[in-house]
Amino acid sequence: MMIKLLATLTLLAPLFLTSPVKAENPLHLKQLLSTGECVRCDLSGADLSGAHLIGADLREANLQGANLTNANLEGADLTNANLTAANLTSAFVTNTNFQQANLNEVNLTRAKIYDANVYGASMNELNITDAEIFNTGIGIGGEDADIPRWD
């Protein structure tokens with residue numbers, strides 16, 4: 001009996017002693033926060049909650065699963081960025097460029113989205129519960145929806 005208990009504890013101990021895995025590249029995160037520029041950076045899973053990313057250049061960045069709760073993305077450029085399953089709850093998203101971005105499964109609950117460019121963005125399974133959306137091509141509709149294009 002004691003041997004079985006010891007064997008079980010030996011197998012389970014690593015599960016209790018591990019810390020959460022962070023996927024983002026710490027150098028990229030530091031670069032973004034210090035310069036506001038991080039083109040093609042790996043910020044997947046990064047905690048950017050409450051971050052002031054006004055005018056940030058995040059073109060082609062990987063923000064998959066990132067936490068951007070209460071972040072300010074005013075004027076940020078996220079062209080071709082991957083935001084799959086990112087959390088933008090209560091984020092401020094004004095004049096943000098999401099052209100050709102992957103916004104699948106993004107949580108935009110209570111976000112303020114004004115004048116954002118989503119031309120060509122993939123937006124499957126967006127959560128827009130209680131979001132304020134103005135002059136932005138996000139809504140309930142099909143492929144024939146009239147989405148403005150920024151050039």
Side-chain angles (χ1 to χ4, degrees), residues 12-151:
L12 294 177
L15 296 176
F16 297 112
L17 300 174
T18 59
S19 60
V21 174
K22 291 202 174 223
E24 87 271 359
N25 181 324
L27 295 175
H28 290 175
L29 184 59
K30 183 178 180 180
Q31 175 185 338
L32 172 63
L33 296 176
S34 63
T35 68
E37 188 173 311
C38 209
V39 176
R40 293 185 198 94
C41 286
D42 180 11
L43 299 165
S44 58
D47 184 2
L48 292 163
S49 56
H52 294 278
L53 301 173
I54 300 167
D57 188 352
L58 289 160
R59 291 172 291 147
E60 299 182 35
N62 182 4
L63 289 150
Q64 184 171 351
N67 181 4
L68 291 151
T69 302
N70 293 311
N72 186 339
L73 291 161
E74 183 176 2
D77 188 352
L78 289 126
T79 301
N80 288 312
N82 179 7
L83 286 103
T84 302
N87 186 358
L88 279 81
T89 298
S90 299
F92 189 69
V93 186
T94 298
N95 295 314
T96 304
N97 190 357
F98 290 113
Q99 189 169 353
Q100 301 293 324
N102 184 340
L103 301 174
N104 294 335
E105 302 174 34
V106 170
N107 184 356
L108 290 162
T109 300
R110 294 183 307 281
K112 291 173 178 40
I113 308 161
Y114 310 137
D115 301 304
N117 178 8
V118 293
Y119 184 78
S122 177
M123 297 183 277
N124 296 317
E125 299 182 45
L126 274 181
N127 182 347
I128 55 172
T129 304
D130 297 326
E132 294 179 21
I133 305 169
F134 296 103
N135 200 27
T136 300
I138 296 175
I140 300 170
E143 292 180 20
D144 294 329
D146 186 26
I147 299 174
R149 179 179 178 149
W150 287 5
D151 287 324

Check: T136 side chain, D115 main-chain N or O, donor-acceptor pair, under 3.5 Å: yes

Within this structure, what is the CG-CD1 distance for the pair L108 and I128, rounded to the nearest 0.5 Å? 8.0 Å

Mind listing the side-chain donor-acceptor pairs of residues 68-75 below 3.5 Å, one per line with the distance, residues two or more places apart or on another chain?
from, atom 1, to, atom 2, distance (Å)
T69, OG1, N67, OD1, 2.6
T69, OG1, N87, ND2, 3.3
N72, OD1, E74, N, 3.0

Just verifying a value: how many Å separate T96 OG1 and I54 CD1, rounded to the nearest 0.5 Å? 10.0 Å

According to disulfide bond (SG atoms under 2.5 Å apart), does anything in residues 32-132 pair up with another residue at least two apart or in another chain? List the pairs. C38-C41

Residue list, side chain to side chain donor-acceptor pair (under 3.5 Å) with N107, at least two apart or on another chain: T89, T109

E105 meets the side chain to side chain contact (heavy atoms under 4.5 Å, CB included) criterion, sequence neighbours left out, with A85, E125

What pairs with N104 under side chain to side chain contact (heavy atoms under 4.5 Å, CB included), at least two apart in sequence or on another chain? N102, S122, N124

Run the numbers on L58 and L43 for side chain to side chain contact (heavy atoms under 4.5 Å, CB included), then give the verdict. CA-CA 10 Å; L58 289 160; L43 299 165; 3.8 Å; yes

Rounded distance (nearest 0.5 Å) linking atom CG of N82 with atom CD of Q64: 5.0 Å

Which heavy atom of D42 sits nearest a heavy atom of H28, and at what distance? N-ND1, 2.8 Å

Applying disulfide bond (SG atoms under 2.5 Å apart) as the test, list every pair that has at least one member in residues 60-138; sequence neighbours left out. none

Given side chains that start at C-beta, do those of L88 and L83 come closer than 4.5 Å, heavy atoms only? yes

Side chains of L63 and L78: closer than 4.5 Å at any heavy-atom pair? yes

Taking the side chain as everything from C-beta on, heavy atoms only, tell me whether L48 gets closer than 4.5 Å to L32. yes

What pairs of residues pass the side chain to side chain donor-acceptor pair (under 3.5 Å) test when at least one of them lies in residues 29-40, not counting sequence neighbours? R40-E60

For residues 81-114, pull every pair meeting ring pair (Phe, Tyr, Trp, His ring centres under 6.0 Å), keeping only residues two or more places apart or in separate chains. Y114-F134

Only counting residues at least two apart or in another chain, list the ones meeting side chain to side chain donor-acceptor pair (under 3.5 Å) with D77. T79

Run the side chain to side chain donor-acceptor pair (under 3.5 Å) test against Q100 and tell me which residues pass, sequence neighbours left out. none

Listed once per pair and sorted, the disulfide bond (SG atoms under 2.5 Å apart) pairs that draw on residues 52-138, sequence neighbours left out: none

Between N127 and T129 the two heavy atoms that sit nearest each other are OD1-OG1, 2.7 Å

Residues passing the side chain to side chain donor-acceptor pair (under 3.5 Å) test with T94, sequence neighbours excluded, are none

